[in-house]
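A short worksheet on the structure shown next.
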Amino acid sequence: MKIRSIPFKQNSNCLRCGKNSLLTDEDTREQFCANCGYVISEKVDESGPEQSSFSTQGGVDTTRTGSPISLTRHDKGLSTVINPANRDATGKPLSSSMKSTITRLRTWDSRSQSQTTADRNLRQALNELDRLKGKLTISSSVLEKAAYIYRKALDKKLVRGRSISAMIASSLYAACRDAETPRTLKDVADAANVKRKEIARCYRLLHRELELKMPVVDSIQCIARISSKLKVTEKTKRYAAKILKETQKRQESSGKNPMGLAAAALYFSCVINGVSITQRDLAKAANVTEVTIRNRFKALKEAKILEIDF
DNA sequence: TAAGATAAGAGGGACAT
DNA sequence: ATGTCAGTCTTATCTTA
């Protein structure tokens, strides 16, 4: 994290005790009160928008609020270290007994922060997550959820003996599904450079051990994803959605790949509406094979969905 | 050239041993 | 734990219109 230097505010009073005793830490640029220890200026993440609040006078309150707390940082963005200089808040050297106390505290502080294997693991995983974010265009709330799931997996010691990248990718996959903005196993697998079946295995593990309640992937939502890669009219999409709704009602959709189902419905819809589209293009957009589309298409025909009066 | 048919193989869930 | 079974999906190849 980059730390922006914060203008030194002179002669300002502490917001807590009111005394004019603010000092600035040269290293961290944090302002703190030498009297009561209150820290005024937090670190500000330069890459993000200012997290400022609005004042009641109508102007913008310039109070620094720091980065938001985030599960996607290994320490949730709340890093604080004990200053290695053996001086107190006013800059005076510490007494020798205090010095040894502080040294001991520092030891435990650093241990609790980054020395545990779990935490090192988490750091690595979150780096990986950050890398995946760009490749898959994931919203931040889903990222948070993925990080949360991974933390739980770590707590339950599910990661041990498995690859970190596979586990964090599975967490992300689960988070996407949970947010009803699914990515396919293949999408995630390609982005993470992990084999599809490996991610599927880890995902099942997460699902079982963490007892995640997952909404079933809705094939109707897949229509939007497929047609975004092709140019399909709104009418065809609506018709395809109707077809899928009907198959769902008849419970003919269970156990089928939702992407294949959606692709077949789109194909069906195009045929009926006289739109020419090739199975190959559709297959490529949906990331399934032409054969799968054909099989689903055949099943749709046999189910006589066509006879329904839409 | 697109669509359909067929066969072989992979991978996983359910269930029994 | 291991094996079998039914079912799905993929890959590859051949045929049909």
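As the structure is a computational prediction, the values presented were derived from the model and not from experiment. Quick note on labels: first sequence line is chain A, next is B, and so on, each numbered from 1.
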Item to complete: Describe the nucleic acid contact of A:R196 in one word from base, sugar-phosphate, nothing, applying a heavy-atom distance below 4.0 Å.
Response: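 If one applies the 4.0 Å heavy-atom cut-off, A:R196 turns out to touch nothing in the nucleic acid.
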Fill in: Pair listing, salt bridge (Lys or Arg N to Asp or Glu O under 4.0 Å) test, anchored in residues 259-287 of chain A, at least two apart
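Residue pairs passing salt bridge (Lys or Arg N to Asp or Glu O under 4.0 Å), neighbours aside: none found.
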Worksheet item: Restricting to pairs with a member in residues 202-213 of chain A, which pass salt bridge (Lys or Arg N to Asp or Glu O under 4.0 Å), not counting sequence neighbours?
Response: none
In this structure, how many angstroms lie between the [atom2] atom of [N] and the [atom1] atom of [X], rounded?
{"X": "A:H207", "N": "B:dG13", "atom1": "NE2", "atom2": "P", "value": "11 Å"}
{"X": "A:I277", "N": "B:dA2", "atom1": "CD1", "atom2": "C1'", "value": "13 Å"}
{"X": "A:L185", "N": "B:dG12", "atom1": "CG", "atom2": "P", "value": "10 Å"}
{"X": "A:L300", "N": "B:dG4", "atom1": "CG", "atom2": "P", "value": "13 Å"}
{"X": "A:K298", "N": "C:dT8", "atom1": "NZ", "atom2": "C1'", "value": "14 Å"}
{"X": "A:I293", "N": "B:dA2", "atom1": "CD1", "atom2": "P", "value": "14 Å"}

Response to the item:
Going 5' to 3' through nucleotides 10-17 of chain C and flagging B where a protein heavy-atom sits under 4.0 Å of the base, S where only the sugar-phosphate is that close, and - otherwise, we get BBB-----
Response to the item:
Sorted by chain and number, sequence neighbours left out, side chain to side chain contact (heavy atoms under 4.5 Å, CB included) with A:A240 holds for A:I223, A:A265, A:L266, A:S269
Discussion item. My understanding is that only residues two or more places apart in sequence, or in another chain, count here; which of them pass side chain to side chain contact (heavy atoms under 4.5 Å, CB included) with A:N127?
Written reply: none
Practice prompt. List the steps and the verdict of side-chain contact (heavy atoms from CB on, under 4.5 Å) for A:L206 and A:M167.
Written response: CA-CA 9 Å; A:L206 290 176; A:M167 283 305 279; 3.7 Å; yes
Item to complete: Kindly state each residue pair satisfying side chain to side chain donor-acceptor pair (under 3.5 Å) with at least one member in residues 220-229 of chain A, sequence neighbours excluded.
Response: A:D187-A:R225
Item to complete: Kindly state each residue pair satisfying side chain to side chain donor-acceptor pair (under 3.5 Å) with at least one member in residues 146-157 of chain A, sequence neighbours excluded.
Response: A:N121-A:Y150
Practice prompt. Determine which pairs satisfy ring pair (Phe, Tyr, Trp, His ring centres under 6.0 Å) with at least one residue from residues 153-184 of chain A, sequence neighbours left out, and list them in order.
Written response: A:Y173-A:Y203
Discussion item. Does atom NZ (A:K135) have a neighbourhood of more than 12 heavy atoms from anything else shown, all under 6.0 Å?
Written reply: yes
Discussion item. With a cut-off of less than 4.0 Å, is there a side-chain N or O of A:K256 near OP1 or OP2 of C:dT8?
Written reply: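 For A:K256, the contact criterion (side-chain N or O under 4.0 Å from OP1 or OP2 of C:dT8) is met.
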Worksheet entry | Contact residues, residues 278-286 of chain A to DNA chain B [heavy atom, < 4.0 Å] |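 Residues of residues 278-286 of chain A under 4.0 Å from DNA chain B: A:T278, A:Q279, A:R280.
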Practice prompt. Map A:R201 and A:Y267 onto DNA chain B by nearest heavy atom, then report which one ends up closer to the 5' terminus.
Written response: A:Y267
